[in-house]
Protein chains: 2
Amino acid sequence: MVTKQFSGLPEDADLSRADSLAREIFSDIANKWALLIIETLGEQTLRFGELRTGVEGVSHKMLTQNLRMLERNGLVDRTVYPTVPPRVEYTLTEAGRGLRKTVDGMCDWTQRYLGHIEASRRSFDD
Amino acid sequence: MVTKQFSGLPEDADLSRADSLAREIFSDIANKWALLIIETLGEQTLRFGELRTGVEGVSHKMLTQNLRMLERNGLVDRTVYPTVPPRVEYTLTEAGRGLRKTVDGMCDWTQRYLGHIEASRRSFDD
DNA sequence: CCGAATCCACAACGATACTG
DNA sequence: CAGTATCGTTGTGGATTCGG
């Protein structure tokens with residue numbers, strides 16, 4: 001994705017459509033809250049309120065908004081239990097779990113280079 | 001990261017400092033343009049203008065802004081050749097190349113689930 | 001060619017209130 | 001408890017300009 005560079009074909013409408021779709025998806029998921037939600041969900045099944053406290057700092061609005069987006073893209077399953085009070089559970093789909101693996105990679109990376117980054121910041125802020 | 005849940009220790013100031021730093025870094029890099037820049041740079045060394053056209057749709061301002069941020073965090077090296085007109089080259093550091101691997105993973109994931117996602121979107125938009 | 005600063009339109013976001 | 005809608009504020013990001 002990102003790249004027509006990999007396509008040798010000069011004129012390919014289908015590829016460019018796939019590219020723009022890929023770009024759209026990328027823009028959807030490459031944001032702080034979406035990735036934090038995915039990481040927090042992990043292998044668990046969580047209720048809305050649990051996610052609310054699990055994803056630290058997220059507002060009610062941002063959480064619903066991102067959950068809708070993730071559901072729309074087929075990354076999370078949303079199950080509503082028509083009880084009273086209502087109970088709504090969220091869990092990662094297979095696609096979601098696939099993405100989660102790469103997000104885990106990002107987290108590992110952050111841990112590994114934490115000191116590195118901290119040092120780089122200090123020398124930059126001279 | 002993300003999670004004090006993994007720490008058994010109830011009171012650990014250092015861990016929470018590391019956590020908030022990790023969170024800060026995560027917020028920095030978990031954004032569309034930063035990831036696209038990293039992905040576009042790849043193994044190459046590119047000038048500002050080349051990045052400008054390589055990262056499709058990015059504005060002058062966003063590009064400089066994100067490049068500064070990436071430089072500050074030690075993900076890209078910035079080399080200025082004091083010629084006239086000036087020539088500035090950007091390349092990934094070792095840390096940057098490490099992160100790139102996980103971004104590659106995200107791109108692969110996008111490709112694999114493209115059809116999946118497209119279908120999910122259609123059924124969601126009923 | 002690259003970078004910084006200014007201006008400003010508009011989207012994102014938080015807070016709040018109301019519904020089932 | 002979970003979701004939607006509205007409102008007011010903040011802030012993001014594009015266009016433009018100037019300077020090295």
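All figures in this text were calculated on a predicted structure; none of them were measured in a lab. Chain letters run A, B, ... following the sequence lines, proteins first and then strands; every chain starts at 1.
The side chain of A:T64 has D:dG3 as its nearest neighbour among D:dC1, D:dG3, C:dC1. Listed nucleotides: C:dC13, D:dG13, D:dT4. Nearest to the side chain of A:M62: C:dC13. Of the candidate nucleotides C:dG20, D:dC7, D:dG13, D:dG13 has the atom lying nearest to any side-chain atom of B:K61. Residue B:V88 has its side chain nearest to C:dG3 when only C:dC13, D:dG3, C:dG3 are considered.
In this structure, the CZ atom of A:F48 is 19 Å from the P atom of C:dG20, given to the nearest Å. Rounded to whole Å, atom P of D:dA2 lies 15 Å from atom CD of A:E71. When the P atom of C:dA5 is taken as reference, atom CZ of B:R68 falls 11 Å away, rounded to whole Å. Rounded to a whole Å, the CZ atom of B:R78 is 8 Å from the C1' atom of C:dG3. The CZ-P distance, from A:R47 to D:dG3, rounds to 10 Å in whole Å. The CD-P distance, from A:Q65 to D:dT6, rounds to 15 Å in whole Å. Across the protein-nucleic acid pair, A:W33 atom CH2 and C:dA12 atom C1' stand 13 Å apart, rounded to whole Å. Protein atom CG of B:L46 is 11 Å distant from nucleotide atom P of C:dC2, rounded to whole Å.
Minimum heavy-atom separation, B:R47 to B:P86: NH2-O, 3.5 Å.
Relative ring orientation between A:Y113 and A:H116 is described as perpendicular, the plane-to-plane angle rising above 60° on a 0-90° scale split at 30° and 60°.
Classification of B:R72 and A:D125 as a salt-bridged pair holds, one side-chain N sitting under 4.0 Å from a carboxylate O. By the 4.0 Å N-to-carboxylate-O rule, A:R100 lies close enough to A:E43 to be salt-bridged with it.
Note on B:R52: every side-chain N or O is 4.0 Å or more away from OP1 and OP2 of C:dC1. Between B:Y90 and C:dC1 there is no side-chain polar atom (N or O) within less than 4.0 angstrom of OP1 or OP2. A sub-4.0 Å separation between OP1 or OP2 of D:dA2 and a side-chain N or O of A:R87 is absent.
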(request) Step by step, work out the side-chain contact (heavy atoms from CB on, under 4.5 Å) result for A:L51 and A:L63. (result) CA-CA 8 Å; A:L51 270 171; A:L63 187 55; 4.0 Å; yes

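For a distance-only test at 3.5 Å, the side chain of A:H60 qualifies as a donor-acceptor partner of the base of D:dG3.
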